[in-house]
Protein chains: 2
Amino acid sequence: MSPGEPERPGRQEHTAQPDQAEQAEIAELAVELQRLLLVSSRILRSHTASQAVSASQFSVLAHLDRAGESTPGALADFEHVSPPVMTRVLGRLGRAGLVDRTAHPEDGRQVRVTLTAAGRELVRAGRAERDAWLRSRLDGISAAERESLREATALLRRTLVPPRD
Amino acid sequence: MSPGEPERPGRQEHTAQPDQAEQAEIAELAVELQRLLLVSSRILRSHTASQAVSASQFSVLAHLDRAGESTPGALADFEHVSPPVMTRVLGRLGRAGLVDRTAHPEDGRQVRVTLTAAGRELVRAGRAERDAWLRSRLDGISAAERESLREATALLRRTLVPPRD
DNA sequence: TATTGTTATACTCTATAACTATA
DNA sequence: TATAGTTATAGAGTATAACAATA
């Protein structure tokens with residue numbers, strides 16, 4: 001350990017690792033994580049490209065099915081996209097007859113977004129087929145490994161995704 | 001456990017969980033994973049949007065820095081994109097003076113892709129700043145948590161990314 | 001004046017199909 | 001005939017800036 005470096009409890013768990021090595025270790029993890037996200041997103045997309053609606057669109061439909069209704073702004077916030085992007089997504093979903101956009105009962109600036117019957121049907125029937133490829137992959141690993149993935153998923157969400165509300 | 005269901009060793013680890021519950025558990029993990037990949041990719045992109053080259057482009061440069069040289073087809077395969085996509089990426093990188101495309105010495109059909117001096121400079125200098133945001137996030141969690149992430153990253157790669165070569 | 005949503009514009013990412021050149 | 005790469009075409013995804021309507 002280099003002289004003059006004060007101990008910093010809380011940053012170092014149980015090893016007396018110098019800071020520089022720790023930073024290098026973090027940098028390497030960042031690179032691996034970045035690449036995994038880049039590549040696995042492409043792979044996942046290629047396996048859902050033949051679906052009726054894209055992953056982005058389905059995510060909005062699924063949220064509406066859970067929440068009942070929402071507004072373009074709230075949906076954009078939840079999905080972490082800019083408002084114009086959500087306008088486009090809702091435009092497509094609307095033209096496909098999957099969502100309705102009606103006047104907001106209380107605030108004339110806002111728009112009330114709801115699922116149509118067809119939209120509700122699609123999201124509920126589609127869930128099973130939707131993640132078929134991903135599920136087939138998860139089916140091939142052990143229950144203990146899936147538990148690890150579950151914990152890592154939650155950890156990654158806490159680490160990367162800023163809290164909403 | 002439902003009657004008539006035979007035991008299937010290897011599918012069930014240490015619990016006597018019925019298949020249906022296991023399938024539901026897998027489906028839920030698939031949904032969480034899909035959403036994490038969708039959202040975290042967006043967040044990560046928004047934090048690297050101001051960089052000189054996009055994540056896709058940088059990934060190609062970094063691979064070339066490691067491998068020394070490659071071909072469009074091999075790069076497309078490694079990056080999990082279609083050949084025309086790689087043509088476009090290389091076109092941009094070439095116009096930016098970061099890669100050279102020269103005649104392949106042995107096979108006239110192939111193209112030899114190499115880094116220019118500027119390309120090598122960019123990838124080496126850029127690595128530090130590139131993942132600054134991601135590293136800042138990883139810096140905020142414990143060493144034990146990072147170790148979990150490292151293992152989960154490797155597991156996810158094994159599970160989702162088909163082996164190359 | 002601030003908020004909500006949309007439109008306009010521009011760029012990246014992505015794929016399939018058709019084409020050229022070489023083996 | 002098969003392979004490597006590019007071009008052509010089309011669409012989704014993304015953002016910022018400018019605008020309209022309402023609070």
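In what follows, chains are A, B, ... by sequence order, proteins preceding strands, each numbered from 1. All values below come from the heavy atoms of this structure, side chains included, with hydrogens, waters and symmetry mates left out. Fair warning: this is a prediction, and the values are worked out from it, not measured in the lab.
- Counted by atom type alone, A:T48 and A:R130 present zero donor-acceptor pairs between their side chains at under 3.5 Å.
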Would B:L38 and A:E79 satisfy side-chain contact (heavy atoms from CB on, under 4.5 Å), going step by step from the backbone distance to the final call?
CA-CA 9 Å; B:L38 184 68; A:E79 295 289 333; 4.3 Å; yes
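- Between A:G73 and B:Q57, it is A:G73 whose nearest contact on DNA chain C lies nearer the 5' terminus.
- To the nearest angstrom, P of D:dT14 lies 13 Å from CG of A:L90.
- Atom P of nucleotide D:dA12 and atom CZ of A:F58 are separated by 18 Å, given to the nearest angstrom.
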With B for base contact, S for sugar-phosphate-only contact and - for none (protein heavy atoms under 4.0 Å), nucleotides 15-23 of chain D reads BBB----BS
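- Atom CZ of B:R101 is separated from atom P of D:dG5 by 11 Å (rounded to the nearest Å).
- Contacts between chain A and DNA chain C, taken as any atom within less than 4.0 angstrom of a protein heavy atom, begin and end at C:dT3 to C:dT14.
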(request) Mind running side chain to side chain donor-acceptor pair (under 3.5 Å) on A:S56 and A:R92 for me, showing each step along the way? (result) CA-CA 11 Å; A:S56 299; A:R92 266 193 283 272; over 6 Å; no
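- Across the protein-nucleic acid pair, A:M86 atom CE and D:dA12 atom P stand 16 Å apart, rounded to whole Å.
- Distance A:Q51 CD to D:dA12 P: 15 Å, rounded to the nearest Å.
- Ion pairing between A:R146 and B:E25 holds under the 4.0 Å rule for side-chain N and carboxylate O.
- For the pair B:R45 and A:R112, both in contact range of DNA chain C, the more 5′-proximal nearest nucleotide belongs to A:R112.
- B:D77 places its CG atom 14 Å from the P atom of D:dT3, with the value rounded to the nearest Å.
- For the pair B:L160 and A:W133, the tightest heavy-atom approach, listed with the atom from each and the gap, is O-CH2, 3.5 Å.
- Between D:dA12 and A:S54, no contact under 4.0 Å exists linking OP1 or OP2 to a side-chain N or O.
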- request: Would you check, one step at a time, whether the test side-chain contact (heavy atoms from CB on, under 4.5 Å) holds for A:L33 with B:L44?
  value: CA-CA 11 Å; A:L33 210 47; B:L44 218 50; over 6 Å; no
